[in-house]
Amino acid sequence: MILPESFYERKDVVKIARELIGKVLVTNFDSVKTSGIIVETEAYAGASDKASHAFGNRRTNRTEVMYAHGGISYVYLCYGIHHLFNVVTNVKDVPHAILIRAIEPLEGIEAMLERRGKEKLTPVLTAGPGAMSMALGILTRHTGLPLSGPDIYIEDRNINIRKADIISGTRVGVDYAAEDALLPYRFWLRDNKYVSKGKGL
DNA sequence: CAAACGATTTTCT
DNA sequence: GAAAATCGTTTGG
């Protein structure tokens with residue numbers, strides 16, 4: 001089933017980030033369906049999180065969509081090249097978001113290989129937020145779309161994930177956030193080949 | 001209006 | 001392991 005809006009509108013962004021592990025992210029652009037199991041996420045707790053674009057309730061054109069109610073997408077262009085896909089959570093005016101960092105490919109692998117210019121299926125295809133977005137065809141113009149479909153949505157397919165296999169740790173690429181860079185806001189599946197290496201660890 | 005920078009990935013040494 | 005690629009957003013004049 002497709003996750004309902006009530007799933008995203010809860011107030012504990014870290015808990016939602018953990019629960020997204022094992023769910024299935026699906027995109028359906030231009031009649032091409034691609035999907036994968038979410039194996040890595042990071043929580044960004046808005047106003048109180050120095051690593052978040054919305055730290056201190058900073059409000060700009062770019063971050064505006066984070067202040068909407070939960071259940072929509074937030075896509076941000078990083079380093080002028082990479083499109084990073086986030087899920088907006090919590091209620092209106094609370095800018096929480098979850099970065100989806102990696103998936104394990106399920107459907108539309110051929111299309112993903114073509115989008116990435118690859119020939120063989122390797123973890124590099126979708127390990128890492130920029131690579132994953134490109135494989136799924138996600139662009140900045142897809143920001144603000146509802147995650148209830150039809151273009152993009154997240155499903156619960158009752159994939160069995162053992163709680164003990166969900167590992168938490170520090171986030172990647174946010175060293176500048178001082179003490180907030182130490183928070184255990186990153187979650188991933190133990191021993192999964194598609195989890196990005198990040199910089200540390 | 002001009003300048004600096006980033007929630008990254010790829011490629012070269 | 002180190003450095004480049006590359007552009008929208010943000011910030012300062």
Side-chain angles (χ1 to χ4, degrees), chain A residues 8 13-14 16-18 20-21 25 36 38-68 70 72-90 94-105 112-145 147 154 167-188 193-201:
Chain A
Y8 304 103
V13 65
V14 177
I16 299 173
R18 179 191 292 270
L20 279 176
I21 300 287
L25 174 62
I38 296 170
V39 296
E40 186 179 357
T41 64
E42 281 183 6
Y44 284 85
S48 64
D49 184 354
K50 288 181 184 169
S52 171
H53 292 153
F55 172 64
N57 275 316
R58 201 156 46 98
R59 198 158 185 153
T60 65
N61 264 347
R62 180 179 61 157
T63 60
E64 186 63 29
V65 67
M66 293 178 81
Y67 290 84
I72 63 177
S73 67
Y74 168 46
V75 185
Y76 155 68
L77 182 67
C78 187
Y79 292 89
I81 309 172
H82 306 290
H83 303 264
L84 274 52
F85 173 74
N86 302 253
V87 172
V88 176
T89 71
N90 216 307
V94 182
H96 288 187
I98 297 168
L99 171 68
I100 309 298
R101 293 188 55 85
I103 62 171
E104 177 176 332
M112 289 194 267
L113 289 173
E114 185 174 342
R115 282 172 181 151
R116 295 269 288 131
K118 304 279 184 186
E119 299 202 343
K120 288 199 298 190
L121 175 59
T122 65
V124 181
L125 183 68
T126 56
M132 181 208 76
S133 297
M134 182 181 287
L136 292 175
I138 294 171
L139 303 171
T140 54
R141 54 182 289 256
H142 298 125
T143 203
L145 289 180
L147 296 177
I154 298 178
I167 316 295
S168 63
T170 57
R171 291 173 291 186
V172 174
V174 294
D175 294 343
Y176 62 86
E179 70 274 12
D180 285 333
L182 302 176
L183 295 171
Y185 277 8
R186 177 179 178 225
F187 299 96
W188 70 95
K193 286 178 298 195
Y194 296 92
V195 173
S196 72
K197 291 282 193 297
K199 291 195 173 173
L201 294 184

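Note that the structure is predicted; figures quoted are calculated from it, not measured. Order of the sequence lines sets the chain letters (A, B, ...), proteins ahead of strands, with each chain counted from 1.
Straight-line distance from the CE atom of Met134(A) to the P atom of dT10(B): 8 Å, rounded to whole Å. Between the CZ atom of Phe55(A) and the P atom of dT9(C) there is a distance of 22 Å, given to the nearest Å. Rounded to an integer number of Å, the gap from CG of Leu77(A) to P of dC5(B) is 18 Å. One atom, CZ of Arg59(A), and another, P of dT9(C), lie 17 Å apart when rounded to the nearest Å. Atom C1' of nucleotide dG8(C) and atom CG of Leu139(A) are separated by 14 Å, given to the nearest angstrom. Between Met66(A) atom CE and dT9(C) atom P the separation is 15 Å, expressed in whole Å. Counting to the nearest Å, the P atom of dG6(B) and the CZ atom of Arg58(A) are 12 Å from each other. Straight-line distance from the CD atom of Glu64(A) to the P atom of dT10(C): 11 Å, rounded to whole Å.
Proximity note for Tyr79(A) (side chain, C-beta onward) versus dT8(B), dA7(B), dT10(C): the nearest is dT8(B). Here dT10(C) is the nucleotide among dT10(C), dA7(B), dT10(B) with the atom lying nearest to any side-chain atom of Thr60(A). In the set dT8(B), dT11(C), dT10(B), dT8(B) carries the atom at the smallest distance from any side-chain atom of Arg101(A). The side chain of Pro129(A) sits closest to dT9(B) out of dT10(C), dA7(B), dT9(B). Checked against dA7(B), dT8(B), dT10(B), the side chain of Arg116(A) finds its nearest nucleotide in dT10(B). Minimum atom distance to the side chain of Ile81(A) is reached by dA5(C), of the listed dA7(B), dC7(C), dA5(C).
Look at Arg62(A) and you won't find any side-chain N or O under 4.0 angstrom from OP1 or OP2 of dA7(B). Between His82(A) and the phosphate of dA7(B), there is no side-chain N or O to OP1/OP2 separation shorter than 4.0 Å.
Qualifying ring-ring contact (aromatic ring centres under 6.0 Å, His included) partners for His53(A), counting only residues two or more places apart in sequence or in other chains: Tyr76(A).
Arg115(A) contributes a side-chain N or O that, together with a main-chain N or O of Ala135(A), makes up a donor-acceptor pair within less than 3.5 Å. For Glu40(A) (side chain) and Ser196(A) (main-chain N/O), a donor-acceptor pair under 3.5 Å exists by modelled atom type. Between the side chain of Ser168(A) and the main chain of Phe187(A), no donor-acceptor pair closer than 3.5 Å is present. For Ser133(A) (side chain) and Ile138(A) (main-chain N/O), no donor-acceptor pair under 3.5 Å exists by modelled atom type.
Side-chain contact between Asn86(A) and Ile98(A) is absent, with no heavy atoms from C-beta onward closer than 4.5 Å.
Residues Glu104(A) and Thr126(A) have side chains that never bring a donor and an acceptor to within less than 3.5 angstrom of each other.
With a 3.5 Å limit on both pairing distances and Watson-Crick or G-U wobble geometry required, the stems of 3 or more pairs in DNA chain B span B:1-6 with C:7-12, B:8-12 with C:1-5.
When heavy atoms are screened at a 4.0 angstrom cut-off, Ala51(A) is found touching base atoms of the nucleic acid. Among the heavy atoms of the strands lying under 4.0 Å from Tyr76(A) are primed sugar atoms or P, OP1, OP2 only; no base atom is included.
With Tyr44(A) as the aromatic partner, Arg171(A) meets the cation-pi criteria of under 6.0 angstrom to the ring centre and within 45 degrees of the ring axis.
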